[in-house]
Amino acid sequence: MAETTTVEETARGNGAAREQIEVENPATGGIAGTVPRMSPDEVAAIVARARAAQPGWEAVGFEGRAKVLRRAQKWVLDNSSRVMETIVSETGKTYDDAQTAEIGYAASAFGFWAKNAPKYLGDEKVRSASPFLAGKKLVMRYRPLGVVGVIGPWNYPLTNSFGDCIPALAAGNAVVLKPSEITPLTSLLMAEMLEECGLPKDVYQVITGLGDVGAEMIDHVDFVMFTGSTATGKKVAERAARTLTPVGLELGGKDPMIVLRDADLEKAANAAAYYSMQNGGQTCISVERLYVEEPVHDEFVRLVTEKVGKLRQGVPTKPGELDVGAMTIGPQIETVDSHVKDAVEKGATVAVGGKRGPGPGRFFEPTVLTGVDHSMECMTEETFGPTLPVMKVRDAEEAIALANDSVYGLQASVWTKDTSRGEQVAKRIDAGVSSVNDHQVNYLGLEIPMGGWKDSGLGTRHGPDGIRKYTRKQASVITRFGLKRELFMFPYAGWSAKLIGGFAKLLYGRGKR
Ligand code: NDP
């Protein structure tokens, strides 16, 4: 059976006792596993192996690649308990968050890209309006780039780190994945899985290490798909500019949710509680700030406070027992704490929650803040935690202005019973996705693009561009019949210049403007 090189093999191959990274279980404070801390010196050889393996993988064709991806889809579902355990152990999220937003996503993505890669990447015949191309065949082809480097964050080790590898592989590339040093275990499990599913050796490799190996990888690969913070994303783009390597950047967000006075408040409050607290609020497309029209503000706050107050938090041990898990990394809990303190110092009220939970794991209580405004960090900077700041606004116009008062533009949502009006409001918000009576579920619509405007990113994942970005476009003109010498060729002559000039006027210069 075909093999995939794992990081452990690489470590053994080097024959040295190498430095290890201890992967912590954020919910218990225990150790979930250890992985080698690879060094930037090792990256070039890993990418070279990927480069050597890629032509064979491309040659397998769409059908051959789809077979491996469909086996992977089945594997992930057959082994869902193991995948879930691994994700929960390194992130501290609940089993339910791991099941819905990670395994559910991956299972659907394997099938989607297996099915749609030929549709999005098949040769396209093009008709040209140019008379010079009359009678010729024009073709647009998509060829894989070669080696795609994926750099991922810690919040969704399967969906965000590994998820971007799926279309890159479906397009015929080899992939080198650098997961976050905080959550590398799921990416390694996926290497084991792909090996079992028949992926040729070295087509998918994982580099475990710190940010320095991610930075080094940029110099060697043909495309960098980065998901993470805006600050690191800018560094990635700068580094990639040195080698003119294209990048896709999925960065931070500060998603606004707008509740209009005619909204179904019960529905909006359920959604606000879920989309702000799901995954402990550690989702780039979490609801991070809420604007409610004045006439319904108090009732909405009452409803959402009651719902958030009932959420169960603790150490995850099985599905269905808890609603909110742990905070995955230490610095993030500090950010959440400081945003809450800053808001309270500036006059906000904690309606529920507001402080850290009991250790040894890392917890922050699901929190609702009221009386907030844009002088507070909780309304302007990405919090990335289980907080929901709610601001009262005069009307929809004020809500739109405040929603757009942000460096970010990832997602937004508007809540109203009048969906036509909702659409009018939603389209005025500067964000890559702006929905009506929904938030986040667009991520499961793999047919539509997902990506950020402004400081939230560059390019999109999902939809046709979600796989075409992993290819080079090649145009081709195929001429079967033609003159021995075209009219415009040498030697230039007065009669031919006149003819071409007249022809251009006839085609493009007639009529009044
Ligand atoms: P970081 O930006 O800190 O890290 C992301 C990845 O980049 C990690 O693997 C990190 O490695 C690596 N890295 C660090 N420095 C460099 C460098 N100089 N060059 C190349 N790679 C480097 O983000 P987080 O992991 O903290 O993720 C959270 C952020 O991700 C949030 O801001 C969130 O909004 C955003 N995000 C965006 C999503 C989107 O789709 N738009 C989805 C999910 C998250 P290491 O961890 O080892 O340092």
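Whatever order the structure lists ligands and atoms in, that order sets their numbers, starting from 1. Numbers for residues simply follow the sequence, beginning at 1.
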May I ask you to decide if the ring planes of Phe112 and Tyr120 are parallel, tilted or perpendicular, using 30° and 60° as cut-offs? tilted

Is the shortest N/O to N/O distance between Glu382 and ligand 1 below 3.5 Å? yes

Please report which non-hydrogen protein atom sits nearest to atom 37 (C) of ligand 1, along with the residue it belongs to and the distance in Å to one decimal place. Leu251 O, 3.0 Å

Sub-3.5 Å donor-acceptor pair from the side chain of Gln73 to the main-chain atoms of Ala107, do we have one? yes

Is the shortest side-chain N to carboxylate O distance from Arg239 to Asp219 below 4.0 Å? yes

Indicate yes or no: does an N/O atom of Glu181 lie under 3.5 Å from an N/O atom of ligand 1? yes

Report the part of Tyr156 in contact with ligand 1, treating N, CA, C, O as backbone and CB onward as side chain, heavy atoms under 4.0 Å; options are side chain, backbone, both, neither. neither

Which residue and atom name correspond to the protein heavy atom nearest atom 28 (C) of ligand 1, and how close is it? Phe384 CE2, 3.9 Å

Any nitrogen or oxygen of Lys235, main chain or side chain, under 3.5 Å from a nitrogen or oxygen of ligand 1? no

Under a 4.0 Å threshold between the charged nitrogen and the carboxylate oxygen, would Arg18 count as salt-bridged to Glu42? yes

Report the nearest protein non-hydrogen atom to atom 12 (C) of ligand 1: residue, atom name, distance rounded to 0.1 Å. Ile151 CG2, 3.7 Å

For atom 35 (C) of ligand 1, what's the nearest protein heavy-atom neighbour? Residue, atom name and distance, please. Gly228 O, 3.1 Å

What I want to find out is whether Lys254 reaches Glu382 closely enough, with some N-O distance under 4.0 Å, to be called a salt bridge. no

Heavy atom of protein closer than 4.0 angstrom to atom 4 (O) of ligand 1: no

Ligand 1 atoms nearer than 4.0 angstrom to some heavy atom of Thr227 are 5 (C), 36 (N), 37 (C), 38 (C), 39 (C), 40 (O), 42 (C), 43 (C), 44 (C)

Just to confirm my output: which protein heavy-atom neighbour is closest to atom 15 (N) of ligand 1, and how far is it? Thr232 CG2, 3.4 Å

Just to confirm my output: which protein heavy-atom neighbour is closest to atom 38 (C) of ligand 1, and how far is it? Cys284 SG, 2.8 Å

Is there a donor-acceptor contact under 3.5 Å from the side chain of Gln278 to the main chain of Tyr275? no

For atom 44 (C) of ligand 1, which candidate among Asn155, Leu410, Thr328 provides the closest heavy atom? Asn155

Pairs of nitrogen or oxygen atoms closer than 3.5 Å, one from Trp154 and one from ligand 1: do any exist? yes

Verdict with reasoning, Arg37 to Glu22, per salt bridge (Lys or Arg N to Asp or Glu O under 4.0 Å): CA-CA 9 Å; Arg37 177 178 165 177; Glu22 279 191 342; over 6 Å; no

Part of Pro179 within contact of ligand 1 (heavy atoms, under 4.0 Å): backbone

Provide the number and element of each atom of ligand 1 under 4.0 Å from a heavy atom of Gly152. 5 (C), 6 (C), 8 (C), 9 (O)

State the atoms of ligand 1, each with its element, that fall below the 4.0 Å cut-off from a heavy-atom position in Leu210. 47 (O)

Between His462 and Tyr105 (judged by ring centroids, cut-off 6.0 Å), do the two rings come close enough to count as a pair? yes

List the steps and the verdict of salt bridge (Lys or Arg N to Asp or Glu O under 4.0 Å) for Glu85 and Lys318. CA-CA 9 Å; Glu85 289 291 345; Lys318 62 177 190 313; over 6 Å; no

Does a side-chain N-to-carboxylate-O contact under 4.0 Å join Lys178 and Glu216? no

One finds that the ligand 1 atoms under 4.0 Å from a non-hydrogen atom of Ala215 are 19 (N), 20 (C)

Is the shortest side-chain N to carboxylate O distance from Arg51 to Asp222 below 4.0 Å? yes

Which residue from Asn160, Ile207, Val236 reaches closest to atom 43 (C) of ligand 1 through any of its heavy atoms? Asn160

Identity and distance of the protein heavy atom lying nearest atom 40 (O) of ligand 1: Arg461 NH1, 2.9 Å

Are any of the N/O atoms in Pro153 less than 3.5 Å from those in ligand 1? no

Would one find an N or O of Ser229, backbone or side chain, under 3.5 Å from an N or O of ligand 1? yes

For atom 11 (O) of ligand 1, grab the closest protein heavy atom and report residue, atom and distance to one decimal in Å. Lys178 NZ, 2.9 Å

Geometric N/O contact Ser456 with ligand 1, under 3.5 angstrom: no

Find all atoms of ligand 1 within a distance of less than 4.0 Å from any non-hydrogen atom belonging to Gly209, and give their numbers and elements. 47 (O)

Is it true that Phe384 and Trp154 have ring centroids separated by less than 6.0 Å? yes

To the nearest 0.5 angstrom, please state how far the CG atom of Asn160 sits from the CD atom of Glu102. 7.5 Å

Would you mind checking if Glu24 and Arg362 are paired as a salt bridge, meaning a charged N to carboxylate O distance below 4.0 Å? yes

Sidechain N-carboxylate O distance under 4.0 Å for Asp455, Lys234: yes

